[in-house]
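Here the structure comes first, spelled out in structure tokens, and everything after it is commentary.
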Amino acid sequence: GIHLGAALSHIHEQGFVHLDVKPWNAVVVRGRPVLFDLGTARRPGLLPRRIGTRPYMAPEQCEPGRVGTATDVFGLGVTLYEALTGELPFPGPAPGRPYPQLRADPVPPRRHVATLPAGLEGLLLDCLSPRPNDRPPLARLLPALHTFIRGGPPMWPPGFHPG
């Protein structure tokens, strides 16, 4: 998740938003996930039409509106939720209601994986807030995610401290 978030940070620094963060748009190269498929990338602002993949779309993408960096945080949140639980955070679509994220709260991830740390559950739920301004910026989210890493190669190079 941190690697995908770092890729999103870079995309955002270039003045774009990805708008289709999902597991299928990440590949593992030399043990590290890499975000790709920038075909949906746009400048932040008003979307004239829906862009993205339904279960991973932020509410502001479901009813064309103003998208920004928080839109990608939502997609990253759905992706991380699914990676950690094997489930999507919102109930499936219903007839005439293809976007449950517009009307339902996400299922708390610890209902699927009781051993998930409460702090990590809180971060995921913050990412899935229906209000873009309530989602954490990547600059705060990535170091917070880093505190939950239990093993594997270090994310940050020696001597570098995020924040």
Does anything in [range] form a salt bridge (Lys or Arg N to Asp or Glu O under 4.0 Å)? List the pairs, not counting sequence neighbours.
{"range": "residues 53-65", "result": "Glu60-Arg135"}
{"range": "residues 70-99", "result": "none"}
{"range": "residues 139-149", "result": "none"}

Using the rule that Ile, Leu, Val, Met, Phe, Trp and Tyr join whenever any side-chain heavy atoms are under 4.5 Å apart, tell me whether [X] and [Y] fall into a single cluster.
{"X": "Leu123", "Y": "Val113", "answer": "yes"}
{"X": "Leu145", "Y": "Ile11", "answer": "yes"}
{"X": "Leu8", "Y": "Val34", "answer": "no"}

Contact between [X] and [Y] at the side-chain level, heavy atoms closer than 4.5 Å - yes or no?
{"X": "Val17", "Y": "Thr71", "result": "no"}
{"X": "Leu138", "Y": "Leu76", "result": "yes"}
{"X": "Leu80", "Y": "Cys127", "result": "no"}
{"X": "Leu38", "Y": "Phe16", "result": "no"}

Q: Would you please name every residue forming a salt bridge (Lys or Arg N to Asp or Glu O under 4.0 Å) with Asp134, sequence neighbours left out?
A: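 Residues passing salt bridge (Lys or Arg N to Asp or Glu O under 4.0 Å) with Asp134: Arg131.
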
For [X], check side chain to side chain contact (heavy atoms under 4.5 Å, CB included) against everything at least two apart and list the hits.
{"X": "Val28", "answer": "none"}
{"X": "Leu84", "answer": "Leu116, Leu120, Leu124"}
{"X": "Arg49", "answer": "Arg42, Ile51"}
{"X": "Pro106", "answer": "Pro89, Phe90, Leu125, Leu128"}

**Q.** Stepwise side-chain contact (heavy atoms from CB on, under 4.5 Å) test for Ile2 and Ile149
**A.** CA-CA 10 Å; Ile2 294 171; Ile149 294 175; 3.4 Å; yes

Q.
Enumerate the ring-ring contact (aromatic ring centres under 6.0 Å, His included) contacts for residues 18-46, please, sequence neighbours excluded, ordered by first and then second residue.
A.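 Counting only pairs at least two positions apart or across chains, the ring-ring contact (aromatic ring centres under 6.0 Å, His included) contacts touching residues 18-46 are Trp24-Tyr56.
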
Q: Check whether more than 12 heavy atoms from other residues, nucleotides or ligands sit under 6.0 Å from atom CG of Asp37, and answer yes or no.
A: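 Enclosed: over 12 neighbouring heavy atoms sit under 6.0 Å from CG of Asp37.
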
For residues [X] and [Y], report the shortest heavy-atom separation together with the two atoms involved.
{"X": "Thr147", "Y": "Ala144", "result": "OG1-O, 2.6 Å"}
{"X": "Pro100", "Y": "Pro91", "result": "CG-O, 2.8 Å"}
{"X": "Ser9", "Y": "Leu142", "result": "OG-CD1, 4.0 Å"}
{"X": "Pro132", "Y": "Ala70", "result": "O-CB, 3.5 Å"}
{"X": "Ala139", "Y": "Pro143", "result": "O-CD, 3.2 Å"}

Q.
Which residues end up grouped with Tyr99 if you chain together Ile, Leu, Val, Met, Phe, Trp and Tyr wherever their side-chain heavy atoms are less than 4.5 Å apart?
A.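 Cluster partners of Tyr99: Met57, Leu102.
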
Q) Could you state the interatomic distance from OG1 (Thr40) to NZ (Lys22), rounded to the nearest 0.5 Å? A)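 Reported to 0.5 Å precision, the distance equals 8.0 Å.
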
Q: Output all residues satisfying side chain to side chain donor-acceptor pair (under 3.5 Å) with Thr69, sequence neighbours left out; order by chain, then residue number.
A: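 For Thr69 there are no side chain to side chain donor-acceptor pair (under 3.5 Å) partners, ignoring immediate neighbours.
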
Verify, without hydrogens or angle tests, whether [X] (side chain) and [Y] (backbone) share a donor-acceptor contact under 3.5 angstrom.
{"X": "Gln61", "Y": "Leu19", "value": "yes"}
{"X": "Ser129", "Y": "Asp126", "value": "no"}
{"X": "Asn25", "Y": "Asp20", "value": "yes"}

Q: Provide the full list of side-chain hydrogen bond (donor to acceptor under 3.5 Å, both in side chains) pairs with a residue in residues 109-125, sequence neighbours left out, each pair given once.
A: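 Non-adjacent pairs meeting side-chain hydrogen bond (donor to acceptor under 3.5 Å, both in side chains): Tyr81-His112.
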
